[in-house]
Visitor: 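Got a structure here, written out as structure tokens. Questions coming.
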Amino acid sequence: ERIQEIENPELAQDRVKNYYELKGYPKDWIDKRLRGIAIRQDLTDEWKQRNVNEQKDFAILTNEISKATFGKTVQEYKKFKGLDKPNQNLRDSMTDWELILNMVGEKATTDITISKDAQGFQECKTSAKEGGEIAKNTRKELEQKISKSLVSKENHLHLTEKKKKR
């Protein structure tokens, strides 16, 4: 199966879709999550090309985007959402808007990094903060219009329970 997925990456994507469907995620959420994975991969590829290769550096840069976008590091956000197991993925517990804002922050960071030709950890860190700020500004503007916070304690368990009640 893995060899077939290497030859045809769409098979791998279908496998991931099936995995999320089995866990009870709605189709529209799955589509956003898969797009977010692609955006994240583009960002990490860009960082690697710019001499950021350590996992700890990726984590620091990711935290810069998260802090700017949501006002919380990844660990703080996981705790806020009640995710207490180390292997629980924060993104798998995000609402639609959280996923979208996360994508905005990461895509903005990628584009800023390219535009500035950022090299090395420090310059990429500056780009990460700036990309997260763009997502934060989007979040704040929408929160003002809808009069509620998009930073939510809801996770996928709450989301699937809501779908079942409808």
Visitor: Measuring from Leu101:CG to Asn137:CG, what's the distance to the nearest 0.5 Å?
Guide: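 One finds 11.0 Å between CG of Leu101 and CG of Asn137.
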
Visitor: Heavy atoms, side chains only, cut-off 4.5 Å: are Trp29 and Thr95 in contact?
Guide: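 SC-SC contact between Trp29 and Thr95 ruled out.
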
Visitor: Please list, chain by chain and in numerical order, all residues satisfying salt bridge (charged side-chain N to carboxylate O under 4.0 Å, His left out) with Lys72, sequence neighbours excluded.
Guide: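 Partners of Lys72 by the salt bridge (charged side-chain N to carboxylate O under 4.0 Å, His left out) criterion come out as none, since no residue qualifies.
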
Visitor: Hey, is the main chain of Ser152 close enough, under 3.5 Å, to the side chain of Lys81 for a donor-acceptor pair?
Guide: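 Present.
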
Visitor: Which residue pairs pass the ring-ring contact (aromatic ring centres under 6.0 Å, His included) test with at least one member in residues 97-132, sequence neighbours excluded?
Guide: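 Those involving residues 97-132 do not exist here.
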
Visitor: Report yes or no: does Thr113 contribute a side-chain atom to a donor-acceptor pair with the main-chain N or O of Thr109 at less than 3.5 Å?
Guide: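 Yes; at least one donor-acceptor contact below 3.5 Å.
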
Visitor: Got a list of side-chain donor-acceptor pairs under 3.5 Å for residues 127-134, not counting sequence neighbours?
Guide:
{"from": "Ser127", "atom 1": "OG", "to": "Glu123", "atom 2": "O", "distance (Å)": "3.4"}
{"from": "Glu130", "atom 1": "OE1", "to": "Lys116", "atom 2": "NZ", "distance (Å)": "2.7"}
{"from": "Glu130", "atom 1": "OE2", "to": "Lys116", "atom 2": "NZ", "distance (Å)": "2.8"}
{"from": "Glu133", "atom 1": "OE1", "to": "Lys136", "atom 2": "NZ", "distance (Å)": "3.3"}

Visitor: Side-chain heavy atoms nearer than 4.5 Å, only ILVMFWY residues, links allowed to pass through others: does that put Leu99 and Tyr20 together?
Guide: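 Yes; tracing contacts between hydrophobic side chains, which count when under 4.5 Å, links both residues.
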
Visitor: Using a strict threshold of under 4.0 Å (side-chain N to carboxylate O), is an ion pair present between Lys107 and Asp111?
Guide: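 Looking at Asp111 and Lys107, the cut-off is met.
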
Visitor: Return the set of residues passing salt bridge (charged side-chain N to carboxylate O under 4.0 Å, His left out) with Asp117 (not counting sequence neighbours), or none when no residue passes.
Guide: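 Applying salt bridge (charged side-chain N to carboxylate O under 4.0 Å, His left out) to Asp117 gives Arg50.
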
Visitor: Hydrophobic cluster membership, with links at side-chain heavy-atom distances under 4.5 Å among I/L/V/M/F/W/Y: are Met94 and Val74 in one?
Guide: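 Yes, one cluster joins them.
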
Visitor: Would you check if Leu150 and Glu98 make a side-chain contact, meaning some heavy-atom pair closer than 4.5 Å?
Guide: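 A side-chain contact is absent here, since even the closest heavy-atom pair is not under 4.5 Å.
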
Visitor: Among residues at least two apart in sequence or on other chains, which ones pass ring pair (Phe, Tyr, Trp, His ring centres under 6.0 Å) with Phe58?
Guide: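 Testing Phe58 for ring pair (Phe, Tyr, Trp, His ring centres under 6.0 Å), a comparison that skips the adjacent residues, returns Trp47.
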
Visitor: Between Phe70 and Glu76, is any pair of side-chain heavy atoms under 4.5 Å apart?
Guide: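 Not touching, per the 4.5 Å side-chain cut-off.
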
Visitor: Would Ile112 and Val104 show up in the same hydrophobic cluster when neighbours are defined by side-chain heavy atoms closer than 4.5 Å?
Guide: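 Looking at the clustering, Val104 is in the same group as Ile112.
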
Visitor: With sequence neighbours excluded, what pairs up with Glu106 under the salt bridge (charged side-chain N to carboxylate O under 4.0 Å, His left out) test?
Guide: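 Counting only residues at least two positions away or on another chain, Glu106 forms a salt bridge (charged side-chain N to carboxylate O under 4.0 Å, His left out) with Arg40, Arg91.
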
Visitor: When you group the ILVMFWY residues by side-chain heavy-atom contacts below 4.5 Å and let the links chain together, are Tyr77 and Met103 in the same group?
Guide: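 Result: yes, single cluster for both.
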
Visitor: About how many Å separate CD of Glu143 and NZ of Lys148, when rounded to the nearest 0.5 Å?
Guide: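 Reported value, rounded in 0.5 Å steps: 10.0 Å.
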
Visitor: Just by distance, no angles: are the side chains of Gln88 and Asp92 close enough, under 3.5 Å, to form a donor-acceptor pair?
Guide: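 Short answer, no.
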
Visitor: Mind checking whether Leu43 and Ile37 sit in one hydrophobic cluster, side chains of I, L, V, M, F, W, Y counted as touching below 4.5 Å?
Guide: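 No, Leu43 does not connect to Ile37 through the hydrophobic network.
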
Visitor: Do the side chains of Ile114 and Thr110 get nearer than 4.5 Å, heavy atoms only?
Guide: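 Answer yes - side chains close enough.
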
